[in-house]
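Single-structure report; data block below.
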Amino acid sequence: MTTCGPDPLQDARDLQARVRALKALLELQRWQVEVLNDRLYSSAPGGVAAKRLLALKRSEKAADDFKTRKR
């Protein structure tokens, strides 16, 4: 006996698989943020240098944006 209607059990399985995939992606992104955070805000000399470089790049971009708006 075949039905042409939607299959609620299959829909639930598909949804469960999507939720698992999204959870895995979220966990990966959380890990990436932690790694980047550790690199940028490290107390080691490299971390301090990275913070200074990031601040310099942000200030240069802000100055460029300001010049562009002024024209």
Side-chain angles (χ1 to χ4, degrees):
M1 179 175 168
T2 27
T3 59
C4 297
D7 182 7
L9 184 57
Q10 186 59 41
D11 290 345
R13 288 180 181 144
D14 291 342
L15 183 60
Q16 188 178 28
R18 288 182 185 175
V19 168
R20 274 195 304 260
L22 288 172
K23 282 183 179 181
L25 284 173
L26 187 60
E27 182 63 25
L28 174 65
Q29 288 181 340
R30 185 192 61 77
W31 175 79
Q32 289 173 331
V33 167
E34 283 181 7
V35 169
L36 289 173
N37 207 21
D38 289 344
R39 286 182 187 169
L40 286 175
Y41 299 108
S42 172
S43 59
V48 173
K51 282 192 281 189
R52 288 181 183 162
L53 181 60
L54 184 61
L56 180 63
K57 285 185 176 185
R58 284 181 178 162
S59 66
E60 286 176 351
K61 181 169 175 12
D64 289 343
D65 290 346
F66 180 72
K67 287 178 187 176
T68 303
R69 277 187 259 142
K70 236 180 163 184
R71 292 181 193 176

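Values reported hereafter were calculated over all heavy atoms of this structure, with side chains retained and with hydrogens, waters and symmetry mates removed. Everything numeric in this text was worked out from a predicted model, so none of it was measured.
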Do Trp31 and Leu25 sit in one hydrophobic cluster, given that two such residues count as connected whenever their side-chain heavy atoms are within less than 4.5 Å of each other, even indirectly? no
Could you give all pairs that pass the salt bridge (charged side-chain N to carboxylate O under 4.0 Å, His left out) test and reach residues 12-22, with sequence neighbours left out? none
With a 4.0 Å cut-off on N to O distance, would you call Lys57 and Glu60 a salt bridge? no
Lys23: which residues meet the salt bridge (Lys or Arg N to Asp or Glu O under 4.0 Å) condition with it, sequence neighbours left out? none
side-chain hydrogen bond (donor to acceptor under 3.5 Å, both in side chains) partners of Arg58, counting only residues at least two apart: none
